[in-house]
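Since the structure comes first, as structure tokens, the remarks are kept for the end.
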2 protein chains.
Amino acid sequence: MSAASDKIYRCPLELSIDLIGGKWKCVILWHLRKAPLRFSQLKRRLPGVTQKMLTQQLRDLEDNGLIYREVYPVVPPKVEYSLTEVGKTFVPVLRSMYKWGRSYSDKFEVEIDTTLQETIIKEELLQNH
Amino acid sequence: MSAASDKIYRCPLELSIDLIGGKWKCVILWHLRKAPLRFSQLKRRLPGVTQKMLTQQLRDLEDNGLIYREVYPVVPPKVEYSLTEVGKTFVPVLRSMYKWGRSYSDKFEVEIDTTLQETIIKEELLQNH
DNA sequence: TCACTAAGTACCCTTTAGGATACTGTTATT
DNA sequence: AATAACAGTATCCTAAAGGGTACTTAGTGA
């Protein structure tokens, strides 16, 4: 996806969906809503994502000003991703999408399995004491 | 897109984005938020959509229980699309996405041209007195 | 000396999304 | 007799999204 500023849209919704659509972007932003995360932490939190896809999606979000990428020049490399101010303004929208998705899944009995993600996050919290 | 109830998701956001992602779905729901519209009215309101794409997107939304399709057995045919109860619960989410898109476009000077749509809607209002 | 880590690239491939064009059937209008 | 309106299908095609595997780099610990 090229940067949004190069295009013409016919509705603000078209713009929003272009910025955060696709399989991974919303979930990435969701995981960053509370604190910055490194590449590897994000990767573990998104079961099934490949390195290539994660890199690509992070670049898109960065190009459109939603996240910030900070490189620490150490070995092995450390790169931290966090929400920009604009990115933070999207969190309330994410929250409403999240709630709506949950209520939809209740109503229509769509399966949502978050156990793996939760296990990963708990393990990381333990490692940091 | 197959129906959401056949899949397994790892996050409610993944479900939401699967239901309303893509180029047209949100905009269709947006135009239906106040009143039902017929196929041809929707088509005129979505500049650039082809018949095939519009049909396809409407079927997806119908299969997932977001819109309702009512066929009037008259000639020429008349088919009206409206939001279901579940579809209506998505309108507040749409509203927040709409607002966020507009504020983003203000900040980053992304071009949004709604003049054509507005013209079409005004013309139709005039025709109905 | 070897293996391991983090954060990626490079290259290739498959699947899905999206789009162009032509066609259908019935009736009213020109 | 030809054309337009409406709500689509059918067929074919291109572009974009998404994914798999292998490779890189510099230092650290076994």
Side-chain angles (χ1 to χ4, degrees), chain A residues 1-4 6-7 9-10 14 17-28 32 36-64 67-82 120 124 127, chain B residues 1-4 6-7 9-10 14 17-28 36-64 67-82 120 123-124 127:
Chain A
M1 197 191 72
S2 59
D6 299 345
K7 302 187 192 164
Y9 298 90
R10 317 214 90 118
E14 220 184 302
I17 216 65
D18 201 24
L19 289 172
I20 55 86
K23 195 169 173 183
W24 304 108
K25 294 208 178 71
C26 275
V27 188
I28 291 173
L32 294 177
L37 290 175
R38 327 176 39 161
F39 186 88
S40 55
Q41 293 179 306
L42 272 171
K43 185 158 170 4
R44 278 191 291 271
R45 279 164 172 75
L46 306 184
V49 78
T50 60
Q51 310 224 127
K52 192 200 118 185
M53 282 311 296
L54 184 52
T55 305
Q56 208 171 88
Q57 302 301 307
L58 287 167
R59 290 289 176 283
D60 283 352
L61 290 169
E62 194 193 354
D63 290 348
N64 287 316
I67 64 173
Y68 173 67
R69 177 169 178 267
E70 173 131 45
V71 182
Y72 297 87
V74 294
V75 172
K78 174 176 174 179
V79 179
E80 236 179 30
Y81 293 91
S82 53
I120 290 161
E124 270 184 15
Q127 282 179 6
Chain B
M1 197 190 71
S2 59
D6 300 344
K7 301 189 194 165
Y9 298 90
R10 319 215 87 118
E14 222 183 302
I17 217 64
D18 201 26
L19 289 171
I20 56 85
K23 194 168 172 182
W24 304 107
K25 294 207 178 76
C26 275
V27 188
I28 291 173
L37 290 175
R38 350 188 2 176
F39 186 88
S40 56
Q41 292 179 305
L42 272 171
K43 185 158 169 5
R44 278 191 291 271
R45 279 164 172 74
L46 307 183
V49 79
T50 61
Q51 310 225 126
K52 189 200 119 184
M53 283 310 297
L54 184 53
T55 305
Q56 207 170 87
Q57 303 301 307
L58 288 168
R59 290 291 176 280
D60 282 353
L61 290 169
E62 194 193 356
D63 290 348
N64 288 316
I67 64 173
Y68 173 68
R69 177 167 179 269
E70 172 130 46
V71 181
Y72 297 86
V74 295
V75 171
K78 174 177 175 180
V79 179
E80 234 178 31
Y81 294 91
S82 53
I120 290 161
E123 274 172 10
E124 269 184 17
Q127 283 180 4

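Heavy atoms only: backbone and side chains are in, while hydrogens, waters and symmetry mates are out. Residue numbers begin at 1 in each chain, while the letters A, B, ... track the order of the sequences.
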Practice prompt. Kindly write out the residues that satisfy side-chain hydrogen bond (donor to acceptor under 3.5 Å, both in side chains) with B:Arg44, not counting sequence neighbours, or none if the list is empty.
Written response: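 Per chain and number, B:Arg44 pairs via side-chain hydrogen bond (donor to acceptor under 3.5 Å, both in side chains) with B:Glu124.
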Given atom [atom1] of [X] and atom [atom2] of [N], what is their separation to the nearest angstrom?
| X | N | atom1 | atom2 | answer |
| --- | --- | --- | --- | --- |
| A:Ile28 | C:dA7 | CD1 | C1' | 15 Å |
| A:Gln41 | C:dA6 | CD | P | 10 Å |
| A:Phe39 | C:dG8 | CZ | C1' | 6 Å |

Worksheet entry | Selection residues 68-80 of chain A - residue pairs positive for salt bridge (charged side-chain N to carboxylate O under 4.0 Å, His left out), sequence neighbours left out |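 Matches after skipping sequence neighbours: none remain.
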Item to complete: Ignoring backbone atoms, test whether A:Arg59 places a side-chain nitrogen or oxygen under 4.0 Å from the OP1 or OP2 oxygen of C:dG8.
Response: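 The answer is yes; a side-chain N or O of A:Arg59 sits under 4.0 Å from OP1 or OP2.
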Discussion item. Students often get this wrong, so: under 4.0 angstrom with heavy atoms, is B:Lys78 touching a base, only sugar-phosphate, or nothing?
Written reply: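 Sugar-phosphate: the residue B:Lys78, judged by heavy atoms under 4.0 Å, touches backbone atoms but no base.
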Practice prompt. Looking at every strand, decide which applies to A:Tyr81 at a 4.0 Å heavy-atom threshold: base, sugar-phosphate, or nothing.
Written response: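 Counting heavy atoms under 4.0 Å across all strands, the contact made by A:Tyr81 is with sugar-phosphate only.
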Discussion item. According to side-chain contact (heavy atoms from CB on, under 4.5 Å), who are the partners of B:Pro47, at least two apart in sequence or on a separate chain?
Written reply: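 So B:Pro47 forms a side-chain contact (heavy atoms from CB on, under 4.5 Å) with A:Arg10, B:Leu116, B:Gln117.
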Worksheet item: Does A:Lys43 have any side-chain contact (heavy atoms from CB on, under 4.5 Å) partners at least two apart in sequence or in another chain, and if so, which?
Response: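 Partners of A:Lys43 by the side-chain contact (heavy atoms from CB on, under 4.5 Å) criterion, ordered by chain and then number, come out as A:Phe39, A:Val49, A:Gln51, A:Leu54.
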Worksheet item: Between A:Cys26 and A:Ile20, which heavy-atom pair has the shortest distance, and what is it?
Response: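 Distance-wise, the nearest heavy atoms are SG-O, 3.6 Å.
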Discussion item. I need the minimum non-hydrogen distance between A:Leu19 and A:Ala4, along with the two atoms involved.
Written reply: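 Scanning both residues, the minimum pair turns out to be CD2-CB, 3.6 Å.
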Discussion item. Going 5' to 3' along DNA chain D, between which two nucleotides do contacts with chain B fall, using a heavy-atom cut-off of 4.0 Å?
Written reply: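 Endpoints of the contacted stretch of DNA chain D: D:dA5 to D:dT11.
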Discussion item. Each nucleotide in nucleotides 16-30 of chain C should get exactly one letter: B, S or -. Can you fill that in based on protein heavy atoms under 4.0 Å?
Written reply: -SBBB----BBS---
Worksheet item: Taking it one step at a time, do B:Asp18 and B:Asn64 satisfy side-chain contact (heavy atoms from CB on, under 4.5 Å)?
Response: CA-CA 10 Å; B:Asp18 201 26; B:Asn64 288 316; over 6 Å; no
